[in-house]
Number of protein chains: 2
Amino acid sequence: MTDDMVRERAEAYLQLLRERGCRLTEQRRIIIETLLENAEASVSVRDLAAKVHEKDASVGFATVYRTLLILEEMDILHQTNLGEGFSRFVLSEKGVHVHVRCRVCGAVTRLEQEDAKEKILEEWVAEKGFSLVPQSVQLAGICEECRRAGRREEDPSPGPAFCDRAGPMRPFCRRRRFRGEFA
Amino acid sequence: MTDDMVRERAEAYLQLLRERGCRLTEQRRIIIETLLENAEASVSVRDLAAKVHEKDASVGFATVYRTLLILEEMDILHQTNLGEGFSRFVLSEKGVHVHVRCRVCGAVTRLEQEDAKEKILEEWVAEKGFSLVPQSVQLAGICEECRRAGRREEDPSPGPAFCDRAGPMRPFCRRRRFRGEFA
DNA sequence: GTCACTGCAAACAATTTGCATGTAA
DNA sequence: TTACATGCAAATTGTTTGCAGTGAC
């Protein structure tokens with residue numbers, strides 16, 4: 001997305017905020033633009049705040065959180081949770097997103113033809129009388145590379161389970177700590 | 001599931017633990033049995049610990065966590081996160097589960113014919129070279145009842161967004177706080 | 001007798017909130 | 001001028017860990 005596109009779309013979102021009765025502040029503008037600049041990926045609050053800080057170091061963490069929650073409330077963002085220990089936000093662009101995450105290396109890929117997939121998911125939940133809402137669906141798998149390399153989910157670690165003396169930390173305590181970059 | 005079935009399956013899981021080199025403790029037995037008694041639903045650590053406490057109040061929170069993490073590591077459990085602010089565990093029974101959660105009332109329903117759905121999900125991730133692993137997939141929707149009642153996602157709250165003076169708490173701050181029982 | 005396991009309390013990390021102050025409208 | 005928004009720091013909450021003691025094998 002070009003800088004101009006970012007500015008344009010940011011302006012559109014800011015208008016939505018205004019229509020909702022919110023005030024247009026410099027902070028919100030920066031946060032929304034930063035979000036748009038990272039639109040391909042889902043961002044953690046931590047990462048987003050860091051990027052926002054590069055532009056204006058005075059913006060507080062709480063403001064980032066508050067802004068994201070408003071945007072989620074307005075369905076401009078989706079909040080997702082991959083079990084990393086924190087949540088991520090994605091621009092919703094009205095619709096359903098489907099991602100796969102590799103359980104071994106943590107890589108995340110977004111699937112194609114989301115419209116078709118959305119239709120199928122719609123049918124599934126309809127079986128139980130539900131209607132589907134815009135959201136970001138997360139699937140877990142193992143990516144080609146890891147499968148080829150024979151890497152399994154963080155070593156089955158056949159030994160017993162304890163948490164202290166022997167070594168710095170159990171592998172499965174670490175599992176939820178993935179902090180990598182996102183595709 | 002009858003008491004006998006619970007005991008039998010618990011025994012089976014305990015054997016798996018033993019084979020893995022873990023010790024069989026009374027705490028682990030209680031935790032696994034309690035898990036099986038609540039096998040239809042996904043449980044939060046909070047709820048599970050409460051139920052375990054009814055049987056033996058001396059079992060610590062940390063032990064419950066540690067046991068669940070071992071069971072997850074062994075793929076006996078799946079961990080899922082509905083954005084409630086905490087995670088839930090479900091018995092995996094080898095395979096893929098699909099749940100829908102109502103964004104309005106929080107009700108969770110498990111979908112039928114999970115084998116067929118698993119096949120489809122398998123194809124989807126295969127498009128990107130991934131293989132699917134046992135997991136619990138969460139979809140968001142709005143249930144029949146809420147749709148009929150015309151209830152929308154926690155009131156669009158058209159007003160501006162602030163966090164303090166006016167009232168105890170913003171609606172969307174509460175959204176992640178659902179603590180209801182699970183279907 | 002060993003060494004994994006437990007309970008407890010302290011440590012952590014993500015997220016929320018209260019409050020004094022700033023600022024858009 | 002009015003009240004929403006911000007920044008900061010403190011509070012909350014889910015989760016993890018260190019440690020000393022316990023108990024499975």
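Both backbone and side-chain heavy atoms feed into the values below; hydrogens, waters and symmetry mates do not.
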L69(B) CG to dG14(D) P: how many Å, rounded? 16 Å
Please tell me if R46(B) has a side-chain N or O lying less than 4.0 Å from either OP1 or OP2 of dG14(D). yes
Does the side chain of T25(B) get closer than 4.0 angstrom to OP1 or OP2 of dA24(D) through an N or O atom? no
Please give, in whole Å, the distance from dA10(C) C1' to F61(B) CZ? 16 Å
N or O in side chain of R18(A) less than 4.0 angstrom from dA25(C) OP1/OP2: yes
Could you please name the option among dT15(C), dG14(D), dT6(C) that lies closest to any side-chain atom of T63(B)? dT6(C)
Counting only side-chain N and O atoms of Q27(A), is one of them less than 4.0 Å from OP1 or OP2 of dG22(C)? no
Rounded to whole angstroms, how far apart are CG on N81(A) and P on dA13(C)? 17 Å
Return the nearest nucleotide to the side chain of V59(B); candidates are dA3(D), dG7(C), dC8(D). dG7(C)
Which heavy atom in L24(B) sits nearest to a heavy atom in L14(B), and how many Å separate them? CD2-O, 3.4 Å
Mapping L24(B) and V45(B) to their closest nucleotides on DNA chain D, which lands nearer the 5' end? V45(B)
Return the value, rounded to whole Å, for the distance between atom CD1 of I31(A) and atom P of dT6(D). 7 Å
May I ask you to verify if any side-chain N or O of Y65(B) is less than 4.0 angstrom from the OP1 or OP2 atom of dT15(D)? yes
Rounded to the nearest angstrom, tell me the gap between atom NE2 in H53(B) and atom C1' in dC8(C). 12 Å
For the pair made of CD in E26(B) and P in dC25(D), what is the distance, rounded to whole Å? 11 Å
Within the pair R66(B) and dA4(C), is there a side-chain N or O less than 4.0 Å away from OP1 or OP2? no
Taking the side chain as every heavy atom from C-beta outward, state whether L139(A) and F130(B) have any pair of such atoms under 4.5 Å apart. no
Taking salt bridge (charged side-chain N to carboxylate O under 4.0 Å, His left out) as the definition, give me every residue that meets it alongside R7(A), ordered by chain and number, with sequence neighbours left out. D4(A)
Atom-to-atom span, CD of E19(A) to C1' of dA25(C) - whole angstrom: 16 Å
Would the distance check show the side chain of S87(A) and the main-chain N or O of T80(A) forming a donor-acceptor pair, the cut-off being under 3.5 Å? no
Taking the side chain of R28(B) as heavy atoms from C-beta outward, which of dT6(C), dG7(C), dT15(C) is closest to it? dT6(C)
L68(B) atom CG is separated from dG14(D) atom P, nearest whole Å, by 15 Å
State, yes or no, whether a side-chain contact exists between V133(A) and D75(A) at a heavy-atom distance under 4.5 Å. no
Ignoring hydrogens and angles, does a donor from either the side chain of R23(A) or the base of dC4(D) sit under 3.5 Å from an acceptor on the other? yes
